[in-house]
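Values below: every heavy atom of this structure, side chains too, minus hydrogens, waters and symmetry copies. Reminder, nothing fancy here: chain letters follow the sequence lines and each chain counts from 1.
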Protein chains: 2
Amino acid sequence: MTARKLMQNISVDCVILGFDSEQLNVILVDRTLILPNTSEVVFSDLTLTGYHIYEDEDLDSAAARIVKDLTGLENLPLKQFYSFGALDRLHHPNDQLWLEHCGDVFSDRVVTIGYYSLLPSTNVNFIQKGRNAAWYPVTSAKGLAYDHDFVVEKAIEHLRYKFWHEPIGFELLPVKFTLSQMQKLYEAILGTQFDKRNFRKKVSQMDYVVPLKEKQIGVAHKPAQLFMFSCDVYEKTRKERFDFFV
Amino acid sequence: MTARKLMQNISVDCVILGFDSEQLNVILVDRTLILPNTSEVVFSDLTLTGYHIYEDEDLDSAAARIVKDLTGLENLPLKQFYSFGALDRLHHPNDQLWLEHCGDVFSDRVVTIGYYSLLPSTNVNFIQKGRNAAWYPVTSAKGLAYDHDFVVEKAIEHLRYKFWHEPIGFELLPVKFTLSQMQKLYEAILGTQFDKRNFRKKVSQMDYVVPLKEKQIGVAHKPAQLFMFSCDVYEKTRKERFDFFV
DNA sequence: TACCAAATGTGTATTTTATACACTTTTATA
DNA sequence: TATAAAAGTGTATAAAATACACATTTGGTA
């Protein structure tokens with residue numbers, strides 16, 4: 001394989017969001033600058049899973065490759081949500097130090113294409129090469145590298161927007177889930193409370209939330225019925241309607 | 001002013017959409033390749049309003065500058081909607097010819113950030129420098145330069161999506177509009193029919209559609225009452241709700 | 001083995017919203 | 001003054017949203 005050339009001015013950053021039945025989490029990667037001669041740790045902070053794209057790969061492929069390289073995760077449903085090109089997005093002192101020392105010398109003008117992905121944040125096995133990727137609660141994801149605080153903020157804004165209008169919540173739940181888990185998720189993301197009976201009445205109208213003949217096991221109380229989301233049924237039965245009204 | 005440097009690999013393309021009470025239109029710019037020595041017209045086609053960004057400008061500013069340069073229009077509400085980075089997006093023969101002959105030699109790997117803007121397409125005065133910008137019905141916007149057919153398609157998809165969920169339709173109407181104009185717009189974009197009485201009943205629930213004490217003038221029939229959209233009222237009274245249900 | 005803790009699961013009455021549907025009114029113009 | 005063209009209006013019915021409280025099932029433990 002011949003050497004692939006990285007594009008100096010274009011990168012991809014992925015906001016991988018997970019839910020653990022309590023809160024929303026994001027995968028962040030360790031960025032520690034160690035001086036090679038003295039082994040001094042100059043600083044240590046966190047970044048999103050992101051990197052420059054190669055000249056011979058499109059944006060979606062770049063996003064998938066970068067996530068795989070940094071976390072080992074494959075086949076995530078990565079979707080583009082916004083691009084970031086502020087002039088000062090790499091101008092914090094740590095970013096400049098990092099760019100000076102990190103081998104490949106890149107431009108300090110990089111436009112990055114933001115991607116996001118949703119998954120349940122339990123049972124995720126990271127396979128890391130060198131750098132450490134891990135889940136962090138989004139509430140604690142502050143002081144990140146570059147403009148990544150802003151990128152995360154925009155991703156969550158985008159997530160909330162889609163949450164109101166499409167059934168994407170299921171991507172954050174296990175394949176088989178209980179209605180209480182679903183309700184907790186929606187309450188957490190949308191910051192609302194729902195009445196249990198009315199929530200269930202509403203869900204029962206959704207043909208694409210399919211009841212299974214299985215129950216929870218290993219819980220110290222009455223086990224709940226499990227449900228699945230059917231994408232097929234959703235696509236076939238969805239009816240759009242005005243909802244900006246009133 | 002010192003010479004600004006264009007970025008080889010990054011451009012912005014703007015899909016400026018207008019409505020003329022009949023159909024959706026888009027501003028396109030003439031791209032005619034004339035050989036300088038023989039004056040032969042090699043080809044002539046159309047592009048979106050787009051160009052490379054400068055090293056010292058952010059994406060939003062670039063979009064505004066490019067639209068102004070190509071059309072004379074200022075202060076349009078330009079919003080980013082998607083980015084395009086397919087490997088072959090500049091690989092049609094005309095695109096290659098154009099890139100070879102058009103002076104500045106750019107890379108054939110350009111990632112473009114898509115912006116869109118909405119406005120009523122009547123009473124728009126183009127001030128053009130050299131190249132011709134004009135409205136074209138979106139239905140006839142085929143065979144455009146680069147991947148611009150695809151960019152337009154994605155923009156309209158985005159528009160429809162937002163149309164269902166937010167009152168952005170008003171950006172495509174004159175400041176003062178009649179309910180029939182509004183209904184026709186929604187029917188055109190969403191591809192649905194609404195019952196007149198039910199549509200009006202619904203609109204009357206929207207506090208942010210404000211009836212004026214004015215009527216249409218110069219029409220050869222009973223003149224309709226005029227209405228305005230109030231962004232202030234909308235922001236203060238909007239209630240989000242689930243709408244992906246059922 | 002009886003009791004407790006913990007979470008599940010269920011129904012009804014009321015209000016609000018959506019839908020279906022047809023004729024009269026107002027204006028400019030011929 | 002008759003006509004054409006579009007504006008404007010109400011009611012009955014069906015569907016959906018909301019408010020609200022208690023009995024049930026299970027595992028664990030005394």
Distance check needed: [N] [atom2] versus [X] [atom1], whole Å only.
X      : N      : atom1 : atom2 : answer
B:K215 : C:dT26 : NZ    : P     : 9 Å
A:L179 : C:dG9  : CG    : P     : 7 Å
B:L226 : D:dA7  : CG    : C1'   : 12 Å
A:D195 : C:dT10 : CG    : P     : 14 Å
A:I217 : D:dT25 : CD1   : C1'   : 17 Å
A:Q205 : D:dA14 : CD    : P     : 18 Å

Enumerate the protein-to-nucleotides 4-8 of chain C contacts in which both atoms are nitrogen or oxygen and the separation is below 3.5 Å.
unit_1	atom_1	unit_2	atom_2	d
C:dT8	OP1	A:S180	OG	2.6
C:dT8	OP2	A:S180	OG	3.1

Donor/acceptor link under 3.5 angstrom from B:K201 side chain onto base of D:dT11: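 Answer is yes: a donor-acceptor pair is held.
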Can I get a per-line list of side-chain donor-acceptor pairs under 3.5 Å for residues 137-147 of chain B, giving both atom names and the distance, sequence neighbours left out?
unit_1	atom_1	unit_2	atom_2	d
B:S140	OG	B:P137	O	3.0
B:Y146	OH	B:R31	NH1	3.3
B:D147	OD1	B:R89	NE	3.3
B:D147	OD1	B:R89	NH2	3.1
B:D147	OD2	B:R89	NE	2.8

Out of B:E166, B:H165, B:K162, which residue meets the side-chain hydrogen bond (donor to acceptor under 3.5 Å, both in side chains) rule with A:Y161?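 The residue from B:E166, B:H165, B:K162 that satisfies side-chain hydrogen bond (donor to acceptor under 3.5 Å, both in side chains) with A:Y161 turns out to be B:E166.
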Pairs flagged by side-chain hydrogen bond (donor to acceptor under 3.5 Å, both in side chains) wherever residues 214-224 of chain B is involved - sequence neighbours left out: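 Checked against side-chain hydrogen bond (donor to acceptor under 3.5 Å, both in side chains) - neighbours excluded - the pairs reaching residues 214-224 of chain B are B:K176-B:E214.
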For B:H158, give me all partners under ring pair (Phe, Tyr, Trp, His ring centres under 6.0 Å), at least two apart in sequence or on another chain. B:F81, B:Y116
So, using ring pair (Phe, Tyr, Trp, His ring centres under 6.0 Å) as the criterion, who are the partners of A:Y136 when residues are at least two apart?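 Here no residue qualifies.
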Across all strands shown, which nucleotide pairs with D:dT3 by Watson-Crick or G-U wobble geometry, both distances under 3.5 Å?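 Base partner found: C:dA28.
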Distance below 4.0 Å between B:K202 side-chain N/O and C:dT17 OP1 or OP2: no
Using heavy-atom distances to pick each residue's nearest nucleotide on DNA chain C, tell me which of B:V219 and A:N198 is more 5'.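 Nearest-nucleotide comparison on DNA chain C picks A:N198.
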Residue pairs fulfilling salt bridge (Lys or Arg N to Asp or Glu O under 4.0 Å) with at least one residue in residues 127-140 of chain A, sequence neighbours excluded: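 Listed once each, the pairs are A:D69-A:K129.
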